[in-house]
Amino acid sequence: MKKILAVVLAAAMGTSLLAGCSGGGSTGTGGAAAQQTQAAGGSSGGEAQGGTEAPAADASMYEVTEPITIQWWHALEDQYSQTVEEVVKGFNESQDLITVEPVYIGSYSQLNEALVAAHAAGTGLPAITVTNTPYVAEYGAGGLTEVLDPYIQASGYDVEDFGAGMLQAGQYDNKQVCLPFLISTQVVYYNKDMADELGVTVPEKWADMDEFLEKVSIVNNGTTERYGSIVPGWDQWYFETVFLNDGVKLVNDDMTSTDLDSQAAVDLVYKYKEWCDKGWIYWANGTDASSIMRQNFIDGKAFSVFHTSSLYNTYVDRCDFEVGMAWLPGGETTKNQEIGGSMLLIPSKNDQATKNAGWQFLMYLCGKDVNMKWAKETGYMPTRNSVLKTEEGVKFLEEKPAFQCIFDNLDLIKPRISHPGWNQMVTIWMNYLAEIMIEDVDIPSKIEDMVEEINEVLEDA
């Protein structure tokens with residue numbers, strides 16, 4: 001059984017998937033920074049790198065030769081702070097030239113704003129930063145990211161151990177601009193004690209959600225005492241796959257238009273709205289939406305929530321009931337989900353000394369030992385094939401049996417949609433859906449306006 005599981009996991013991974021010392025410069029000596037950056041396939045002026053072929057790697061160009069202090073920007077919340085501190089301390093003590101300072105910026109969207117602003121200014125950049133997977137194409141198109149291929153070649157870093165799917169999620173124009181860091185997917189957390197009492201299970205198909213929500217929700221005289229589920233309206237990732245599994249493309253083959261006005265997409269909007277009006281679901285949106293959603297679940301005011309698998313430990317630690325974890329309900333023919341979590345990148349406008357130090361820390365963060373530490377202490381998944389082929393992968397599942405639903409469906413976790421205008425598009429989408437779900441509006445006209453705005457963004461991207 002263990003051998004079979006290891007093979008299945010390995011195969012799936014192969015197909016799945018502020019200003020500081022380092023801002024624009026370093027405390028070390030960059031030498032001929034501009035020449036080195038250009039030779040490395042990077043950009044000394046922030047120009048797009050898409051058409052540049054990576055030269056043969058010269059290992060000496062990527063060495064760290066003098067003491068340097070760098071910043072690592074991240075979006076890891078308080079529940080991860082101890083692991084962040086331990087990982088950074090481990091790296092700082094493993095060598096005597098590089099000192100890493102971790103800096104929590106905020107959510108992925110807040111970090112994106114700070115990173116884009118620093119890139120535009122050409123100063124205040126970190127040596128290394130996390131990014132959510134949908135930003136990769138946008139950063140690659142804008143020349144924000146350093147091309148990592150020559151660094152990989154020079155250091156002999158074994159990136160193939162990640163598997164093709166994860167590497168693909170960090171590529172732009174067939175160049176590796178990011179590497180996988182903390183990987184997750186969408187799940188349904190539910191109150192298992194309550195489920196056992198009611199004799200219900202999370203449905204495997206979206207078509208069965210009506211019956212499920214009616215059974216687990218409690219609504220008296222128009223007031224909801226217990227929501228059947230809560231949908232994170234602040235991030236389309238949590239409902240995006242529902243549309244995809246129902247045949248909605250989101251971005252059409254022409255790459256300049258959306259089909260969010262198709263009948264399938266419109267029907268889903270009306271279904272969500274119906275559940276909101278009945279008090280069966282809560283569309284979480286606005287300030288502190290994530291923490292409010294979690295607290296409702298913890299307090300037993302929601303039977304289930306749609307969220308990221310990375311928060312498994314957080315939910316288990318804070319709930320006084322057994323927390324169940326289920327695969328998202330799928331469509332009639334597919335039940336695919338998408339890769340989530342974060343990648344790591346090196347900003348292109350830093351000097352070469354800062355980039356070299358950033359690369360050393362990036363390799364450490366993506367290493368097998370650090371990855372397994374995150375997997376054990378959080379809800380993030382093992383990312384290395386070499387881990388999944390050993391007893392470590394089996395032991396992980398024994399310690400966290402709730403992850404069986406993910407391991408059973410690893411081959412269904414797909415790369416995210418890649419389009420330079422994606423982040424603008426989904427912001428429009430989320431804003432319109434929040435208005436539709438929360439307010440009393442004319443839905444057809446709102447959908448028409450939404451699609452018109454999205455098409456303009458896709459055409460201009």
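Remember, predicted model here, so these are calculated numbers, not experimental data. For this chain, numbers begin at 1 and follow the sequence in order.
Proximity of Phe239 to Leu268: side-chain heavy atoms (C-beta onward) are nowhere separated by under 4.5 Å. A heavy-atom distance below 4.5 Å is found between the side chains of Ile281 and Leu213. Ile447 places a side-chain heavy atom less than 4.5 Å from the side chain of Val266. Put simply, the side chain of Val87 reaches to within 4.5 Å of the side chain of Leu365, judged on heavy atoms. When side chains are defined from C-beta on, Trp72 counts as touching Val130, because their heavy atoms get closer than 4.5 Å. Thr185 is listed as a side-chain neighbour of Ile406, based on a closest heavy-atom distance under 4.5 Å. Within the 4.5 Å cutoff, no side-chain heavy atoms of Met343 are placed close to those of Phe181. Contact annotation: the side chain of Met437 approaches that of Val269 to within less than 4.5 Å [non-hydrogen atoms, C-beta and beyond].
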* To do: Run the numbers on Leu344 and Ile128 for side chain to side chain contact (heavy atoms under 4.5 Å, CB included), then give the verdict.
  => CA-CA 7 Å; Leu344 289 167; Ile128 180 175; 4.2 Å; yes
Side chain to side chain contact (heavy atoms under 4.5 Å, CB included) between His419 and Met425: does it pass, once the steps are laid out? CA-CA 10 Å; His419 191 289; Met425 168 190 165; over 6 Å; no
* Asked: Given the rule in the side chain to side chain contact (heavy atoms under 4.5 Å, CB included) test, do Tyr272 and Leu433 qualify, once you have shown the distances and angles that lead to the verdict?
  -> CA-CA 10 Å; Tyr272 273 123; Leu433 283 188; over 6 Å; no
Going through the distances and angles, do Ile230 and Tyr238 end up as a side chain to side chain contact (heavy atoms under 4.5 Å, CB included)?
-> CA-CA 10 Å; Ile230 301 180; Tyr238 295 109; over 6 Å; no
Item to complete: Begin with the C-alpha distance, continue with both residues' side-chain angles, and end with the deciding distance and a verdict on side-chain hydrogen bond (donor to acceptor under 3.5 Å, both in side chains) for Thr378 and Asn313.
Response: CA-CA 5 Å; Thr378 72; Asn313 282 28; over 6 Å; no
Name the atoms and distances for all side-chain donor-acceptor pairs under 3.5 Å in residues 453-461, with sequence neighbours left out.
residue	atom	partner	partner atom	Å
Glu453	OE2	Tyr432	OH	2.6
Asn455	OD1	Thr258	N	2.9
Asn455	ND2	Val451	O	3.4

Acceptor/donor pairs from residues 292-300 side chains to any protein atom, 3.5 angstrom cut, sequence neighbours excluded:
residue	atom	partner	partner atom	Å
Arg294	NE	Ser290	OG	3.3
Arg294	NH2	Glu77	OE1	3.1
Arg294	NH2	Ser290	OG	2.9
Gln295	OE1	Arg318	NH2	3.0
Gln295	NE2	Asp299	OD1	3.0
Gln295	NE2	Asp299	OD2	3.4
Asn296	ND2	Ile292	O	2.9

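The existence of a salt bridge linking Lys395 and Glu398 is excluded, since no basic side-chain nitrogen approaches an acidic carboxylate oxygen closer than 4.0 Å. We find that Glu211 and Lys215 are not joined by a salt bridge, their nearest charged nitrogen and carboxylate oxygen being 4.0 Å or further apart. One finds no salt bridge joining Asp267 and Lys271 here, because no Lys/Arg side-chain nitrogen approaches an Asp/Glu carboxylate oxygen to under 4.0 Å. With respect to the salt-bridge test (charged N to carboxylate O, under 4.0 angstrom), the residues Lys446 and Asp442 do not qualify. For the pair Glu399 and Lys376, the salt-bridge criterion is not met [side-chain N within less than 4.0 Å of a carboxylate O].
Listed for the Asp259 side chain is no donor-acceptor partner under 3.5 Å among the backbone atoms of Val248. Of the possible donor and acceptor atoms, none in the side chain of Lys355 sits under 3.5 Å from a partner among the backbone N and O of Ala127. Judged by distance alone, with hydrogens and angles left aside, the side-chain atoms of Ser217 form no donor-acceptor pair with the main-chain N or O of Glu214 at under 3.5 Å. Remark: the backbone N or O of Thr241 is paired with a side-chain donor or acceptor of Asn245 at under 3.5 angstrom. Judged purely by atom type and a 3.5 angstrom limit, Trp275 has no side-chain atom pairing as donor or acceptor with the backbone of Tyr270. Judged by distance alone, with hydrogens and angles left aside, the side-chain atoms of Ser309 form no donor-acceptor pair with the main-chain N or O of Val187 at under 3.5 Å. Side chain of Glu435 to main chain of Val441: no donor-acceptor pair is present (N/O by atom type, distance under 3.5 Å, no hydrogens or angles). Counting only distance, with no hydrogens or angles, the side chain of Lys301 and the backbone of Arg226 share no donor-acceptor pair below 3.5 Å. Not one N or O on the side chain of Gln79 forms a donor-acceptor pair closer than 3.5 Å with the backbone of Thr314. Proximity of a side-chain donor or acceptor of Asn132 to a complementary backbone N or O of Gly341 within less than 3.5 Å is detected.
The environment of Lys273 atom NZ is dense: over 12 non-hydrogen atoms of other residues, nucleotides or ligands sit within 6.0 angstrom.
Tyr227 has its ring centre no less than 6.0 Å from the ring centre of Trp280. In summary, the aromatic rings of Trp422 and Trp237 are positioned with their centroids too far apart to meet the 6.0 Å limit. Aromatic rings of Phe403 and Phe396 (six-membered ring for Trp) have centroids within the 6.0 Å cut-off, being under it. The distance between the ring centers of Tyr189 and Tyr315 falls below 6.0 angstrom.
Side-chain contact of Asn220 with Thr223: a donor-acceptor pair under 3.5 Å is absent, judged by distance alone. A donor-acceptor contact closer than 3.5 angstrom is absent between the side chains of Gln176 and Asp149. For the residue pair Thr308/Ser184, the side-chain donor-acceptor check at 3.5 Å is satisfied. Side chains of Gln337 and Asn409: no donor on one and acceptor on the other come within 3.5 Å. Side chains of Ser229 and Ser304: a donor on one and an acceptor on the other come within 3.5 Å.
To the nearest 0.5 Å, atoms OH (Tyr139) and CD (Glu146) are separated by 16.0 Å. Note that CG of Asn423 and OH of Tyr108 are 13.0 Å apart. Values are rounded to the nearest 0.5 Å. To the nearest 0.5 Å, atoms CD (Gln168) and CZ (Arg416) are separated by 14.0 Å. In this structure, the separation between CG on Asn252 and CG on Asp254 is 5.5 Å, given to the nearest 0.5 Å. Note that the NZ atom of Lys335 and the CH2 atom of Trp206 stand 15.0 Å from one another [nearest 0.5 Å]. Phe361 contributes atom CZ, which lies 12.0 Å from atom CD of Gln71 (distance to the nearest 0.5 angstrom).
Pro329 and Lys205 make their closest contact through CB-C, 3.8 Å (heavy atoms, listed as atom of the first residue, atom of the second, distance). The shortest non-hydrogen separation linking Leu76 to Tyr380 is CD2-OH, 4.3 Å. In terms of heavy-atom proximity, Val216 sits nearest to Leu198 at CG1-CD1, 4.2 Å. Closest heavy-atom contact between Ala75 and Ser107: CB-C, 4.1 Å. Across Ala118 and Trp73, no two heavy atoms sit closer than the pair CB-CH2, 4.4 Å. Across Glu377 and Thr83, no two heavy atoms sit closer than the pair OE1-OG1, 2.7 Å.
Residue pairs meeting the ring pair (Phe, Tyr, Trp, His ring centres under 6.0 Å) criterion with at least one partner in residues 240-260, sequence neighbours excluded, are Phe243-Trp429.
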